[in-house]
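A short write-up of the structure that comes next.
Naming: A, B, ... by sequence-line order, numbering from 1 per chain.
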2 protein chains.
Amino acid sequence: MMKEDKTLSIGGLSKLTGCNIETIRYYEKIALLPAPLRTQGGHRLYSNSLQKRLIFICKARGLGFTLEEVRNLLELINGDYSCDEVKHLVLEHLNVVKTKIDELARLQSSLELMASQCAGGDLPDCAAIDSLFEKE
Amino acid sequence: MMKEDKTLSIGGLSKLTGCNIETIRYYEKIALLPAPLRTQGGHRLYSNSLQKRLIFICKARGLGFTLEEVRNLLELINGDYSCDEVKHLVLEHLNVVKTKIDELARLQSSLELMASQCAGGDLPDCAAIDSLFEKE
DNA sequence: TATAAAACCTGTAGTAACTACAGAATCAAG
DNA sequence: CTTGATTCTGTAGTTACTACAGGTTTTATA
């Protein structure tokens, strides 16, 4: 028995992937997801391979890749990619993520410092605020 | 001797704050930075108090506050704010930042796992990629 | 089978926080 | 006084979507 190709409506695909309907149509518009077949009434019907492609897109987005990065990954995969190339993109992205974490961590310390300088209470006077008005 | 009020052109202000010119005009357009006086030719002239206000905006943005949050902070400060109110906003924002750090940290692990599954080499076959095409 | 409700269609506009022009006017230096 | 740098306004583009409006199709129920 062969696995039949269960097509899905856009709503079904949305449920499957967690990606919402307008977003799916948006991905089609920017040619990230190929245009699917239609019913004779014009409703979209997604084949199994399109379903997989959207799953990929959503997961990669969830990992913080930009749409352009996702596009690159998909092109790589559709051509004859090498594991090296993929790994390269992943590691590059990993660096972006690490940098963001560092920035946020610095930011966290600044905010904590700010909160600690803020004595609290009703007084209209706050060292934390004052410091924000000074250059340097 | 009183401190004179050294006005700045928009370019000077841009240099002082590191905020670029179009952004300064943008802040004016959205009424975050009040409209400054003009030369008779129509060029903007920024008073000391506007300079301070922009410094504040830039610093708060640098701390990751959204423009709306910055607007709230400024209103608070211009009204008769209490230290409590400010502290509240700061702590709230601190939570947002912490949450973002957590998310990114999770993302970092996923990417590290992905990279480690990627064997490297020229082979067009990658467990890391394959996993992205599966649901769940 | 008729009809009503749910899902879907296209196209446009809005979101955040800017950036990037084009084409004209003004300012500062020599 | 001229030339080059700066500034002016206004509009459109960016990223990654979301939110309509107003109409058609599909599906479920009576």
Gap between atoms CD1 and C1', on Ile30(B) and dA16(C) respectively (whole Å)
10 Å

Does dT26(D) have OP1 or OP2 sitting under 4.0 Å from an N or O in the side chain of Ser9(A)?
no

N/O (side chain, Arg38(B)) to phosphate O (OP1/OP2, dT9(D)) under 4.0 Å:
yes

Expressed in angstrom and rounded to an integer, what is the separation of Lys15(A) atom NZ from dC8(C) atom C1'?
12 Å

Output the rounded distance in Å from CG (Leu45(A)) to P (dT25(D)).
15 Å

Rounded to the nearest 0.5 Å, what separates atom OH in Tyr27(A) from atom CG in Leu32(A)?
7.0 Å

Using whole Å, report how far CD of Glu69(B) lies from C1' of dA16(C).
12 Å

Looking at dC17(D), dC8(C), dC18(C), which one has an atom nearest to any side-chain atom of Leu67(B)?
dC18(C)

Pick out which of Leu33(B), Ile77(B), Asn48(B) makes a side chain to side chain contact (heavy atoms under 4.5 Å, CB included) with Arg53(B).
Leu33(B)

Kindly list each side-chain donor-acceptor pair under 3.5 angstrom involving residues 10-23 of chain A, sequence neighbours excluded, with atom names and distances?
from: Ser14(A); atom 1: OG; to: Cys19(A); atom 2: O; distance (Å): 2.9
from: Thr17(A); atom 1: OG1; to: Leu13(A); atom 2: O; distance (Å): 2.8
from: Thr17(A); atom 1: OG1; to: Cys19(A); atom 2: N; distance (Å): 3.1
from: Asn20(A); atom 1: OD1; to: Glu22(A); atom 2: N; distance (Å): 3.2
from: Asn20(A); atom 1: OD1; to: Thr23(A); atom 2: N; distance (Å): 3.4
from: Asn20(A); atom 1: OD1; to: Thr23(A); atom 2: OG1; distance (Å): 3.3

Any Lys/Arg nitrogen of Glu134(B) or Lys59(A) sitting under 4.0 Å from an Asp/Glu carboxylate oxygen of the other?
no

Find which nucleotide of DNA chain C each of Lys29(A) and Arg44(A) is nearest to by heavy atoms, and output the residue with the more 5' nucleotide.
Arg44(A)

Could you state the CD-C1' distance from Glu68(A) to dA16(D), rounded to the nearest angstrom?
11 Å

Under 4.0 Å protein heavy-atom contacts per nucleotide of nucleotides 20-30 of chain C, with B for base, S for backbone only and - for none:
BB----SS---

Please report, to 0.1 Å, the donor-acceptor pairs under 3.5 Å made by any side chain of residues 92-100 of chain A, with sequence neighbours excluded.
from: Glu92(A); atom 1: OE2; to: His88(A); atom 2: NE2; distance (Å): 3.1
from: His93(A); atom 1: NE2; to: Leu63(A); atom 2: O; distance (Å): 2.9
from: His93(A); atom 1: NE2; to: Gly64(A); atom 2: O; distance (Å): 3.4
from: Thr99(A); atom 1: OG1; to: Asn95(A); atom 2: O; distance (Å): 2.8

Leu13(A) CG to dA7(C) C1', in whole Å, measures 14 Å

Touch check for Ile21(A), heavy atoms < 4.0 angstrom, all strands: base, sugar-phosphate only, or nothing?
sugar-phosphate

For the OG atom of Ser47(A) and the CG atom of Leu8(A), what is their distance to the nearest 0.5 Å?
9.5 Å

More 5' along DNA chain D: Glu28(B) or Thr66(A), using each one's nearest nucleotide?
Glu28(B)

Given dC9(C), dC18(C), dT7(D), which nucleotide is nearest the side-chain atoms of Ile10(B)?
dT7(D)

Ile24(A) atom CD1 is separated from dA16(D) atom C1', nearest whole Å, by 15 Å

Mind calculating the distance between OH (Tyr26(A)) and P (dT15(C)) to the nearest angstrom?
17 Å

The reported gap from CD1 in Ile30(B) to CG in Leu67(B) (rounded to nearest 0.5 angstrom) is 5.0 Å

